[in-house]
Amino acid sequence: MNNAETTKIEGQDTRRMTLFVSVAAAVAGLLFGLDIGVIAGALPFIADHFTLSNRLQEWVVSSMMLGAAMGALGNGWLSFHLGRKYSLLIGGVLFAIGSIGSAFAPNIELLLIARVLLGIAVGIASYTAPLYLSEMASEQVRGKMISMYQLMVTLGIVLAFLSDTALSYSGNWRMMLGVLAFPAVALIIMVVFLPNSPRWLAEKGREIEAEKVLRLLRDSSEQARHELDEIRESLRIKQGGWRLFLANRNVRRVVFLGMLLQAMQQFTGMNIIMYYAPRIFKMAGFTTTEQQMIATLVVGLTFMFATFIAIFMVDKAGRKPALIIGFCVMSLGTFVLGYCLKLFEQGHASPLLPWLSVAMTMLCIAGYAMSAAPVVWILCSEIQPLKCRDFGVTCSTTTNWVANMIIGATFLTLLDAIGAAGTFWLYTAMNIAFILITLWLIPETKNVTLEFIERRLMRGEKLRNIGV
């Protein structure tokens, strides 16, 4: 066999391994999306079954986020000591246990416990999968691979909405929650065959294994050796985690930036639409469960298809333009949606009003799907220095779920306090603020290596200049 044929075969093997890594890690995103989406359709039936107040409904929604914050917080230690692969495996097992527990819960207390377990699994997946993909991918396709993870999240939401819609005629909320156990088992099986992250292996002194993995993932042995040399260089800083955070101002800056990014993503208010979509469409004039679920499904499909914009845009146009455009779109959508809901509250019964509300909701979700939803996860996995990446991503992911829990646990309360219009106009104001923060502070990281970003950060460059 000549050199050209050998190179061709190696290239095919590399592409197959890269594809398998992407798909296997992204199944975690599918489960993430299923858990986000399933509660929207199940909540009205759960509320009827257990006769829940608005406050308890908020806790059914937000208990998963509480668990996710716990999972993200604990997964820093887990991912550092056991590696990204086995963290995902533990997440898959918890997904299966939580799904089955939710389906068979005899009372609201056990349902909340099962939802917290599911949340821990989601916290592990939301932490580990983007981090794992960022460490496995080359800089040319890193953004696209992590955006594919986000696409799987949106696919999970759509599948959950489809399942909810089909089961809404019978009101079988237990089946809605229980079907999530099947993809959880698929995740467990796939993770068994994943390689460990080369950066984690190198950090543990297992450099021979790290080079073997890089040879499976890169187009040439020379490229694999060069990347391993860069990883070694970045590992020369012999501090880590909390100690490095305390000792190094530059690390503190970037950890706080990651936390700010995740808070921004959640306080756009877009996940509220995922959790309470039938309730929102009921306020907008859709009176039957069937109408509410179909409108919810349309929103889920919009989320999925708009994510393709991010996949094709994020490595070409860049992360920062995507965020700015997305925040602008979400500002417009939430403002007009709030106006529609105010008109409906005032008794305007125009037949066009419910459909305008759906259109604005779709606009909001499209803006989110093409920008903050994937881009924040990409940035947070890219900007943290290797030696304290577990600590930095732990802080940012925990912030995401704490913020998520806050919006999930306050939406119905806000509706009672300031009305539907006031609630969505509050999110409008925050999205406008996020445009200004992005222009002032957020870096552009397309087409540069993680080690390049780290070097510029440690030299004390302004945060907005640590990328290109």
Side-chain angles (χ1 to χ4, degrees), residues 24-50 52 56-57 59-72 74-75 78 82 85-129 152-153 155-192 274-275 300 401 404-405 408:
V27 171
L30 179 71
L31 280 161
F32 182 176
L34 285 167
D35 276 308
I36 289 174
V38 73
I39 198 61
L43 184 61
F45 301 106
I46 294 172
D48 288 342
H49 184 88
F50 292 116
L52 302 182
L56 279 174
Q57 288 182 58
W59 271 108
V60 170
V61 172
S62 59
S63 57
M64 190 191 80
M65 290 72 135
L66 173 63
M70 294 164 56
N75 196 53
L78 197 67
L82 298 183
K85 171 179 175 174
Y86 291 104
S87 294
L88 282 174
L89 187 62
I90 291 169
V93 172
L94 289 175
F95 268 123
I97 294 172
S99 300
I100 295 169
S102 297
F104 290 97
N107 53 51
I108 190 62
E109 290 80 12
L110 288 178
L111 176 61
L112 290 174
I113 291 171
R115 293 277 296 162
V116 170
L117 280 179
L118 274 174
I120 293 172
V122 168
I124 291 172
S126 64
Y127 173 106
T128 306
M152 292 295 282
V153 174
L155 177 60
I157 291 170
V158 170
L159 291 176
F161 287 169
L162 277 170
S163 173
D164 286 354
T165 302
L167 294 168
S168 65
Y169 298 99
S170 64
N172 193 343
W173 63 269
R174 294 188 184 277
M175 182 64 73
M176 292 178 187
L177 300 178
V179 293
L180 274 61
F182 294 105
V185 172
L187 174 64
I188 293 168
I189 294 170
M190 296 184 79
V191 168
V192 169
M274 295 295 104
Y275 302 141
W401 289 110
N404 201 327
M405 183 177 66

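In terms of modelled atom types and a separation under 3.5 Å, the side chain of Ser163 and the main chain of Leu159 share no donor-acceptor contact. A donor-acceptor contact shorter than 3.5 Å links the side chain of Ser170 to the backbone of Leu167.
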Query raised in the report: Given the rule in the side-chain contact (heavy atoms from CB on, under 4.5 Å) test, do Val158 and Phe161 qualify, once you have shown the distances and angles that lead to the verdict?
Result: CA-CA 5 Å; Val158 170; Phe161 287 169; 5.7 Å; no

Report task. Before giving the answer on side-chain contact (heavy atoms from CB on, under 4.5 Å), spell out for Leu82 and Ile90 the whole-Å C-alpha distance, their side-chain angles and the decisive distance to 0.1 Å. Result -> CA-CA 10 Å; Leu82 298 183; Ile90 291 169; 3.9 Å; yes

Report task. Kindly indicate, with the supporting measurements, whether the criterion side-chain contact (heavy atoms from CB on, under 4.5 Å) is fulfilled by Leu118 and Leu94. Result -> CA-CA 6 Å; Leu118 274 174; Leu94 289 175; over 6 Å; no

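Judged as a side chain to side chain contact (heavy atoms under 4.5 Å, CB included), and not counting sequence neighbours, the contacts of Val38 are Ala160, Asp164, Met176, Leu177, Leu180.
Of all heavy-atom pairs spanning Val27 and Met190, the tightest one is CG2-SD, 3.7 Å. In this structure, Val116 and Met70 approach most closely via the heavy-atom pair CG1-SD, 4.3 Å. In plain terms, the two heavy atoms of Phe45 and Ser168 that are nearest each other are CZ-O, 3.4 Å. Residues Leu30 and Pro183 come closest through the heavy atom pair CD2-CB, 4.3 Å. Gly92 and Ala184 make their closest contact through O-CB, 3.8 Å (heavy atoms, listed as atom of the first residue, atom of the second, distance). Here the closest non-hydrogen pair linking Ala129 and Ala28 is CB-CB, 4.3 Å.
Taken from CG in Leu78 to CG in Leu88, the straight-line distance is 10.0 Å, to the nearest 0.5 Å. Taking CG from Leu110 and CZ from Arg115, the interatomic distance works out to 14.5 Å, rounded to the nearest 0.5 Å. Here the CD1 atom belonging to Ile39 is positioned 13.0 Å from the CG atom belonging to Leu34, to the nearest 0.5 angstrom. Here Ile46 contributes atom CD1 and Arg174 contributes atom CZ; the two are 9.0 Å apart, rounded to the nearest 0.5 Å.
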Which pairs would a plain distance check flag for residues 59-69, meaning a side-chain donor or acceptor within less than 3.5 Å of a matching protein atom at least two apart in sequence or in another chain?
residue	atom	partner	partner atom	Å
Ser62	OG	Glu58	O	2.7
Ser63	OG	Trp59	O	3.0
Ser63	OG	Val60	O	3.2

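Tyr275 places a side-chain heavy atom less than 4.5 Å from the side chain of Asn404.
Residue pairs meeting the ring-ring contact (aromatic ring centres under 6.0 Å, His included) criterion with at least one partner in residues 162-185, sequence neighbours excluded, are His49-Trp173, Phe50-Trp173.
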